Each structure stands twice: as structure tokens, then as C-alpha cells.
Participant: 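The following block contains the structure, expressed as C-alpha cells.
All of these numbers come straight from a predicted model, not from anything done at the bench. Below, all heavy atoms of this structure are taken into account, side chains as well, without hydrogens, waters or symmetry copies.
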Amino acid sequence: MTDTATDAAWTAFDAAATRDREARIADQFAADPERLSRMTVEAAGLYLDLSKQSWTKEGFEACLALAKTRGVEAARARLFGGEAVNDTEGRAVLHPALRAAQGADYKALGEPVSAEVDAVRRDMAAYATAVRDGRETGATGKAFTAIVHIGIGGSDLGPRLVWDALRPLDPAIDLRFVANIDPRDMAEALTGLDSETTLVIVVSKTFMTQETLANAEAAKAWLAKSLPETGREKHFIGVTAAPARAEGFGCGRTFAFRDWVGGRYSLWSAVSLSCVIALGPEAFDGLLAGARAMDDHFVSAPLKKNAPVLMALAQVWNVDGLGRHARTVAPYAHGLRRLAAFLQQLEMESNGKRVRRDGRPVERQTCPVVFGEPGTNGQHAFFQQIHQGPEVVPAEFVVVKRTHEATSESPLWANALAQAQALMQGKTTEAARAELSGIDAAEAGRLAAHKTFPGNRPSTTVVMERLTPEALGALLALYEHKTFVEGVIWDINSFDQWGVELGKVLAKAILSDVQVGAPSVGLDPSTAALLTRLMP
């Protein structure tokens, strides 16, 4: 769209936000009888309720007009068409190709990729089945009963979330994750394991990630202590876009993925090999199927009933329209306890940007701070702040109707519904004072102020029946596409992460100083003093 059209859409958006700023959410249901049907949507087995968001019907329409003007539909076509939507690195971004049905015809920059995806998926399933059946064994001929998955960032958070969400209570294979370069992380993961029956899977796109290689070296040394050299490589599997480096490191077998698979979008690839083994290929197929269903919805649904689009617009509305620069995510399911951490990387690494695609500084806010804990834990921590603190923090409730076969979860999801209701409804000073009837009037007046809740605080609720592989796949794909739509509206590249790189470069320089034994010339005084204090 032209700059003039874009400016006009943002002007209309800002005007609607100004009008809606003081509007009470609870009042909108009477003002707009169609509000609930307009602002709820079912997609890929999920039910989304955005009717408790801080927009009137007019604000909602202004958001939809903005999405249309910013070219969300055209950008979506470029993403699924395999064009170079990551324009700073000249790459396609084709995580949807990883979960497409067999025989699909995705292309990355014109190169067919689906046949390769299908082949890797078949190899993963065959290897996983062989490990699970005991046909794939270690150096001493014993079957594998444990996996240590080594990775960091996107090579850790996605598979870790999948395992937490879907693992059986008594798994046949003990899957453990190591990400932190702190040796304690690796020590905890290896404690109690038998090297003869342990498989180590090292996941690194470049096979050059400092933390991952350091942990891989530690695992290699641990295996070398008790295993014969012959056959030891069978305990070491590499998952990477640089298979030659993995083989040079000592991996006996590698599973590859391409550079059009972004790290934080990579759980659909061989990055989740450990989960394919520990959960079984059928569970992984279900995960892919759920994500594929969300892809189909995202591609085909009109903007006004498009789940990722509406989720993105709610965030843009809160951040840019109403100046709310944080959002909390509260999954009311123990299996989703890592969801907030996963979304921190997905959203903040993708959209925490300060320049637009053409390199000019952004003129509006981009990604808010994302944080969260599982409910009901968060209710006993930061919910006090979001109910009565001066800053309005939009909330997202992810509710699973049944999380466990043997029990009723109504006390769990009833809390989620109550918290969303309380955030919207609040409690007036008059109502608080009425609750204090019977005590001294002056004291009642003093306490009423403490018991007053301003309310009018927005939330979105996402509901699924059960935490199945399909439902989890749909949920994660929903957030991926939401993140992409936000990037389109903000005119930023959601698929690079240059801000991560500077710290890596400086860390290498500091490690060089450690080896020399003194701070290098030109190092700032604070860093030099800290380095001197911490050096051996």
C-alpha cells in the first residue's frame, strides 16, 4: 500500500484508540449485542474469545482496516510462497513447509523443498522407531533408555515445551534437556544416567553456537570415560544445517534442516528428533497435523475471522493504541508451563526491533515485554500487580478443559474464567465499602480504597478440549502466525535477530582476555574491573 494509505489507516487507528481509551469493556456487550460472536473464533480445534479486549466495535473495525491497508494478505502469500520475506538475510521462511502433508509442493526462493522435507521426516520416523524398538543400540549393544538433548534458544525451547506438554507420566525413554552453559545444568542432566544406554542429541543450526558446543564437549567427555572408542559415535547424533561440522565434531549420524528454517520456528523439523523418539512418530505427526490445520485456517479465513490476525491486532491495539508495553500469558495447564518462555523468544526475538524494513527508525512501539507463569501459580505472584497496579497489563489465558484423565479440572479453569472476569469487571469503592458494613465508617472508608479494583483490564482467552499433539501444534502455529502479522503491521523483519549477535562477538573477545590473563586495551572501565574480579 502507499505511504498515504498507510498514514491514513494509522490516523484512523489512533483516533479510534483515543475514543476507546476510557470506554468500559463490560459496557460494550450491551452497546454491541453482536460483540461476542464478532470477537470469537474457532480455528483448528481452538476457541478464541477476544471480546474482553479494550476495543469497541469501531476500534475493532479500525484494527481490521489497518491490517488490510498494511498488506497482511499479500505478505502472507509471500511467506507461504517461499519468497525472501527475511530480506536482511535474503532467505525464505518456510516453517509451514515442515508440517505440510506429504507430497506438498513448497518452494524456497523457487527451489522445490517438499521432497527433502518428506525424506527427512521419513528418516526421523525410521530412526526413532529403531531406537524405541531396541534395534538401534549403543557401543556395547544395549538399547537406549535415555536421551540428553543439547541446544539453546530455538534449539531447546520448542522441543522442551513439546516434551513437557505431551510426555507420559512414566515415559519409556527418559528425555532430559541441557541449555545453560553453567556446568551445573549438564551435571544435573547426566546424574543417574548410564552412558551405555544414553543417546546424546546435539542441536545447533550452525554447529558453532558457543554454549551448545561447550555442553556437547562435556557430554562427549562423559561418554568417553566409560565407553569403548569403537561404536561411541552411535551415542552422538547431530541435528544441524551444517552436517559437515557435526560429522567433524564426532556425530555418528546427522539429521539436516535448511537455512530457511529459523531457530525459533524450527521445532517442526529434525530439531525435535528427541521428542520424535521419546514420544513416538505418531505423536509428532499429530503435532504437525495440528499446526497444518492452523496454517490452512490462517491462509483461508477472512481477516475478521482469522485467529492469528485477531490475536495480532489485539496486541497492536494495546501496544500502539493504548500504550501498554507488557503482556502476560497464563496457561492454566501444568503441561504448558514453558509456554511463556517459548513465547518470549518467539515474539521478543522476532519483533523486538527498532528499525523498519528499509532501515529507517520505527516511529511506533513494537513488541511488548512478554512474561508469565502457569495458573494458578501466577495468581499468587504477579496477579496482584495486574489487578491493582497503576499500569494496565493485558492478559492471555490459555485454558485446557481436561488436563488429566483421572480428575475434574473445573477448579483450575474456573480460576482462569474468574481472573479474566475480575480484570474486566473490577470492584468499585462503593461495593468495597458495602462489604465493610458493620465496622466504623472512617475505618471502612480507609479500607475500601485498598479493596477497590479499577477493572477495565483486557484479556484474551484461548480454550482447547485436551492438550493433545494436534491441539498443541495448532496453539504454537497460532502464535507463530500472530507474530508474523504483527511484524507486517509494524513494517519490521520478524525473522532476523542481529541484536543477539553483538553479545556473542563480545563474549568471544572477553574469553580471549581471560586466556591472556588481563583486560584488553580499550575495554571500558566497568567491564575491565568485573573481568579482573572474576578471572581465576
Participant: Does anything in residues 345-384 pair up under ring-ring contact (aromatic ring centres under 6.0 Å, His included), and if so which pairs, sequence neighbours excluded?
Facilitator: F371-F382

Participant: Using the rule side-chain contact (heavy atoms from CB on, under 4.5 Å), only one of V488, N493, L94, V93 pairs with V85; which is it?
Facilitator: V93

Participant: Using a 3.5 Å cut-off and no angle test, enumerate the donor-acceptor pairs between side-chain atoms of residues 160-168 and protein atoms at least two apart in sequence or in another chain.
Facilitator:
residue	atom	partner	partner atom	Å
R160	NE	D156	OD1	3.2
R160	NE	D156	OD2	3.2
R160	NH2	D156	OD1	2.8
D164	OD1	R337	NH2	3.3

Participant: Side chains of T366 and N351: any donor to acceptor distance under 3.5 Å?
Facilitator: no

Participant: How far apart are the C-alpha atoms of F13 and W317, what are their side-chain angles, what is the distance that settles it, and do they pass the ring-ring contact (aromatic ring centres under 6.0 Å, His included) test?
Facilitator: CA-CA 8 Å; F13 172 94; W317 179 252; 5.3 Å; yes

Participant: Give a yes or no on whether E501 atom CD has more than 12 heavy-atom contacts from other residues, nucleotides or ligands under 6.0 Å away.
Facilitator: yes

Participant: Which residues pass the ring pair (Phe, Tyr, Trp, His ring centres under 6.0 Å) test with H297, sequence neighbours left out?
Facilitator: none

Participant: Please say which of V261, V271, V113, V120 ends up in a side-chain contact (heavy atoms from CB on, under 4.5 Å) with L98.
Facilitator: V261

Participant: What's the verdict on ring-ring contact (aromatic ring centres under 6.0 Å, His included) for Y332 and W413, showing C-alpha distance, side-chain angles and the deciding distance?
Facilitator: CA-CA 7 Å; Y332 279 71; W413 55 251; over 10 Å; no

Participant: Quick one: list whatever passes ring pair (Phe, Tyr, Trp, His ring centres under 6.0 Å) with Y127, sequence neighbours left out.
Facilitator: F255

Participant: With a cut-off of under 6.0 Å to the ring centre and 45° to the axis, is R99 in cation-pi contact with W268?
Facilitator: yes

Participant: Do we see a donor-acceptor contact under 3.5 Å between the side chains of Q315 and N318?
Facilitator: no

Participant: Please identify each residue that fulfils ring pair (Phe, Tyr, Trp, His ring centres under 6.0 Å) with Y265, with sequence neighbours left out.
Facilitator: H95, F495

Participant: Give a yes-or-no answer on whether the side chains of D49 and T40 include a donor-acceptor pair shorter than 3.5 Å.
Facilitator: no

Participant: Write out all pairs satisfying salt bridge (Lys or Arg N to Asp or Glu O under 4.0 Å) with one or both partners inside residues 301-326, taking only residues at least two apart or from two chains.
Facilitator: D320-R364

Participant: Looking only at side chains, do Y106 and E116 share a donor and an acceptor under 3.5 Å apart?
Facilitator: no

Participant: Report yes or no: do N415 and Q379 form a side-chain donor-acceptor pair below 3.5 Å?
Facilitator: yes

Participant: Under a plain distance cut-off of 3.5 Å, with no hydrogens placed, do T209 and S204 share a side-chain donor-acceptor pair?
Facilitator: yes

Participant: Work out which heavy atom in A44 is nearest to a heavy atom in A474; give both atom names and the distance.
Facilitator: O-CB, 3.5 Å

Participant: Under 3.5 Å, is there a donor-acceptor pair linking the side chains of T240 and R245?
Facilitator: no

